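Here the structure is laid out as structure tokens; the discussion comes afterwards.
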Amino acid sequence: MADTVWSTDTGEAVYRSRDPVRNLRLRVHLQRITSSNYLRYQPAAQPGKDLIDLATFRPQPTASGHRPDEDEEEEVVIGWQEKLFSQFEVDLYQEAACQSPLDHQYRQEILKLEGSDGRKNRRIFTYTDSDRYTNLEEHCQKMTTAASEVPSFLVERMANVRRRRQDRRGMEGGILKSRIVTWEPSEEFVRNSHVINTPLQTMYIMADLGPYGKLGYKKHEHVLCTLKVDSNGVITVKPDFTGLKGPYRIETEGDKQELWTYTLDNVSSLAQPEEEEREQRVFKDLYGRHKEYLSSLVGTDFEMTVPGALRLFVNGEVVSAQGYESDNLYVHFFLELPTTNWSSPAFQQLSGVTQTCATKSLGMDQVAHFSYPFTFEASFLHEDESAEALPAWPVLYCEVLSLDFWQRYRVEGYGAVVLPATPGSHTLTLSTWRPLELGTAELRRFFIGGSLELEDLSYVRIPGTFKGERLSRFGLRTETTGSVTFRLHCLHQSRAFMESSSLRKRMRSVLDRLEGFSQQSSIHNVLEAFRRARRRMREARESLPHDLVSPSGTTVS
Amino acid sequence: MAEVHVIGQIMGATGFSESSLFCKWGVHTGAAWKLLSGVREGQTQVDTPQIGDMAYWSHPIDLHFATKGLQGWPRLHLQVWSQDSFGRCQLAGYGFCHVPSSPGTHQLDCPTWRPLGSWREQLARAFVGGGPQLLHGDAIYSGADRYRLHTAAGGTVHLELGLLLRHFDRYGVEC
């Protein structure tokens with residue numbers, strides 16, 4: 001039960017906010033549990049009885065009898081970097097022990113407060129970012145139980161991060177632009193750039209837990225809460241706001257151990273709904289304008305396909321050829337579109353020849369680099385749905401040749417591959433072969449070049465002239481040669497994908513998804529024909545003499 | 001209008017016989033494309049590998065395109081140069097790769113080549129450096145006149161490109 005009453009988790013919590021940090025408000029509630037009170041409190045903390053009215057536990061004037069009520073409990077609302085003076089500071093500055101301008105300012109403020117008789121705090125007070133305490137605390141913070149902990153080099157460097165904030169302004173842009181490398185980094189430069197450089201603002205909420213009437217001693221000061229805010233709107237609170245957790249507690253040391261509890265609450269005023277709405281409207285407006293600006297630059301339209309068609313874009317490269325016995329290779333390649341259903345724009349170049357490239361050895365292989373770009377565009381229109389045949393896909397053929405110093409050329413290999421039917425990036429390695437003849441032909445090839453060649457390159461797959469049921473290549477001798485690497489980036493575009501994008505099914509093949517769209521396209525054709533007929537009728541009507549039209553018009557309508 | 005973000009870096013290069021390499025790069029697009037933000041060309045620093053073969057540049061690429069059509073998808077062309085101890089620069093290789101069309105991260109290896117020249121030029125290059133270069137840079141990213149060239153294979157440039165696409169599905173494009 002005890003752990004629901006006390007919150008022992010004093011770890012820090014991190015919040016982010018886009019609002020200016022000056023809107024941060026914190027309510028701190030501090031209460032002493034006197035020993036007698038504490039004893040009485042314990043049995044009451046039964047399950048289900050947590051909500052007993054606090055008035056039950058109102059501290060009674062105890063035997064010692066010298067504690068007035070208000071001293072036992074204190075609640076203050078504190079804003080960001082709001083200075084609340086402690087008794088110690090009030091005493092100090094009233095005696096005019098001022099050194100810095102800040103001290104003088106504090107003195108003025110304290111004198112004014114004394115005059116108007118209104119310190120709103122008694123025990124709870126704050127140390128702001130500019131106070132001496134904040135710097136000291138950062139520097140002397142201990143991390144281990146070692147008797148004497150020497151601050152490391154990094155600690156010294158980090159300690160300056162906060163102080164640096166003022167002098168850094170205005171010099172950030174200048175240095176970067178003039179030169180990239182600083183050959184003689186100055187002391188200042190090193191200090192600025194060797195450690196993290198997000199300036200933090202710190203604030204401590206403290207409490208003076210001295211016995212009644214003996215406030216204003218340094219040794220009774222305790223940290224209730226540490227707040228850190230950086231310029232990106234990250235707020236670190238240690239410990240976290242109390243919220244639904246139980247209050248935190250502090251046990252004072254010394255001969256008279258006393259128990260204090262405190263809660264922290266975030267009471268920053270929320271933005272009004274209408275303000276929020278206005279902000280959203282502004283953002284919406286901004287994005288809308290940006291969008292308009294973009295579309296004014298580029299235009300809103302996009303090149304579309306005709307209904308029912310699939311457009312295939314291939315951005316490809318001939319990357320390399322490897323494993324051939326000759327040097328100085330070049331690749332001749334072309335794309336074959338299937339005879340039915342496929343078409344490509346007239347300007348389209350469907351073949352290419354790379355440069356001649358001398359090889360270099362890479363591992364075991366001799367590699368020629370081409371980096372040869374090509375682009376194909378073709379469209380597929382499935383007009384005849386009744387056709388039984390499986391729709392074919394374009395095929396890429398390639399032929400590797402070598403050309404040597406004496407202008408002798410040799411065929412090094414033939415290969416073919418069907419283009420990938422799925423969109424995306426594909427790396428294809430085509431293994432190639434070349435025809436071989438026993439006898440003197442190989443000798444002739446070696447010494448004077450020239451060799452057996454295929455008469456028709458389509459023989460690599462199914463010859464164009466082929467008719468029949470079985471394809472036999474019996475009698476053709478070949479030799480395995482190297483391989484050619486292609487890299488293809490495929491894009492598919494179709495109106496059918498626009499409709500089906502909501503119920504997208506990746507596994508289905510493209511052709512399945514195109515199916516049924518040809519019916520739609522036939523409907524489209526009928527509608528188009530109807531529209532044309534109507535237009536023609538209207539034109540005919542308008543061309544008729546006027547007196548003829550009007551009586552017939554009245555009778556019709 | 002559809003949009004493409006290309007975010008990535010030129011990691012470095014391996015397989016070049018020269019040390020102290022740097023790389024000039026550029027992006028070429030078709031007429032339907034417009035660069036909304038980012039720079040379309042740049043040059044890396046000179047990197048001299050101490051251990052191993054790979055020169056690391058880690059040069060950032062960050063481009064934002066808008067397009068009206070699929071034709072002229074962005075293509076990246078590279079020139080790798082080496083700088084010797086006298087400050088002379090000589091060409092080490094030309095490379096090319098298409099910017100991938102599918103969203104996601106892509107590791108690309110881009111092989112390079114350089115014009116070979118006559119045997120006299122080759123000999124001169126071996127001793128005093130230099131060597132022929134392309135007269136027009138567009139031969140790197142177009143294939144039209146490539147057959148005129150006689151080249152030698154160079155090293156490989158390694159790239160890492162991340163692609164973000166927007167509104168392509170609205171126009172029925174699968175990529």
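Convention: sequence-line order gives letters A, B, ...; per-chain numbering from 1. Note that the coordinates shown come from a computational prediction; the quantities given were computed from them, not determined experimentally.
- With a 4.5 Å cut-off on non-hydrogen atoms, Ser425(A) touches chain B through its backbone and its side chain both.
- Of all non-hydrogen atoms in Ala358(A) and Leu116(B), the two that sit nearest each other are CB-CD2, 4.2 Å.
- There is no contact between His77(B) and chain A, counting heavy-atom distances below 4.5 Å.
- Remark: side-chain polar atoms of Tyr372(A) are paired, donor with acceptor, to backbone N or O of Gly143(B) under 3.5 angstrom.
- The 12-atom threshold is not exceeded at OH of Tyr409(A), counting heavy atoms of other residues, nucleotides or ligands nearer than 6.0 Å.
- Counting heavy atoms from C-beta outward, Cys97(B) and Glu317(A) have side chains that approach closer than 4.5 Å.
- Using a 4.5 Å heavy-atom cutoff, the side chains of Val173(B) and Arg311(A) are not in contact.
- Residue Phe347(A) places its CZ atom among more than 12 non-hydrogen atoms of other residues, nucleotides or ligands, all under 6.0 Å distant.
- Counting all heavy atoms, side chain and backbone alike, Val319(A) lies closest to Pro111(B) at CG1-CG, 3.4 Å.
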Checking side chain to side chain contact (heavy atoms under 4.5 Å, CB included) for the pair His150(B)/Leu403(A): CA distance, chi angles, key distance, verdict? CA-CA 10 Å; His150(B) 190 199; Leu403(A) 192 69; over 6 Å; no
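- Contacts between Ser142(B) and chain A at a heavy-atom distance below 4.5 Å involve the backbone alone (N, CA, C, O).
- In terms of heavy-atom proximity, Cys490(A) sits nearest to Ser101(B) at O-OG, 3.7 Å.
- Once rounded to the nearest 0.5 Å, the distance linking OG1 of Thr151(B) with NE2 of His369(A) reads 10.0 Å.
- Here the closest heavy-atom approach between residue Ala153(B) and residue Ala368(A) is recorded as CB-CA, 4.3 Å.
- Arg487(A) places a side-chain N or O within donor-acceptor distance of the main-chain N or O of Asp109(B), the cut-off being under 3.5 Å.
- Formation of a donor-acceptor pair under 3.5 Å by the Lys360(A) side chain with backbone atoms of Gly154(B) is found in this model.
- Of the two parts of Cys357(A), the backbone and the side chain both hold a non-hydrogen atom closer than 4.5 Å to a non-hydrogen atom of chain B.
- Between Gly95(B) and Ser371(A), the shortest heavy-atom distance links the atoms CA-OG, 4.4 Å.
- Considering only heavy atoms from C-beta on, Glu174(B) stays 4.5 Å or farther from Leu491(A) through its side chain.
- In this structure, the side chains of Leu70(B) and Phe302(A) come closer than 4.5 Å at one or more pairs of heavy atoms.
- Proximity to chain B is absent for every atom of Phe405(A), based on heavy atoms less than 4.5 angstrom apart.
- Donor-acceptor pairing under 3.5 Å is recorded for the side chains of Glu377(A) and Gln71(B).
- Looking only at heavy-atom pairs under 4.5 Å with chain A, the residue among Tyr141(B), Tyr171(B), Trp33(B) that has the most is Tyr171(B).
- Counting only heavy atoms from C-beta outward, the side chains of Gln355(A) and Trp113(B) approach each other to under 4.5 Å.
- With a threshold of 4.5 angstrom between heavy atoms, Leu294(A) approaches chain B through its backbone and through its side chain.
- The backbone N or O of Gly316(A) sits less than 3.5 Å from a side-chain atom of His98(B), completing a donor-acceptor pair.
- Interface remark: Val298(A) contributes backbone and side-chain atoms alike to the contact with chain B (heavy atom separation under 4.5 Å).
- Taken to the nearest 0.5 Å, the NE2 atom of His489(A) stands 11.0 Å off from the CZ atom of Arg75(B).
- Heavy atoms closer than 4.5 Å to chain B are found in the backbone of Phe374(A), but not in its side chain.
- Taking all atoms of both residues into account, the shortest heavy-atom contact from Asp301(A) to Lys68(B) is OD1-CD, 3.6 Å.
- Side-chain atoms of Thr356(A) and Leu149(B), non-hydrogen and from C-beta on, never get closer than 4.5 Å to each other.
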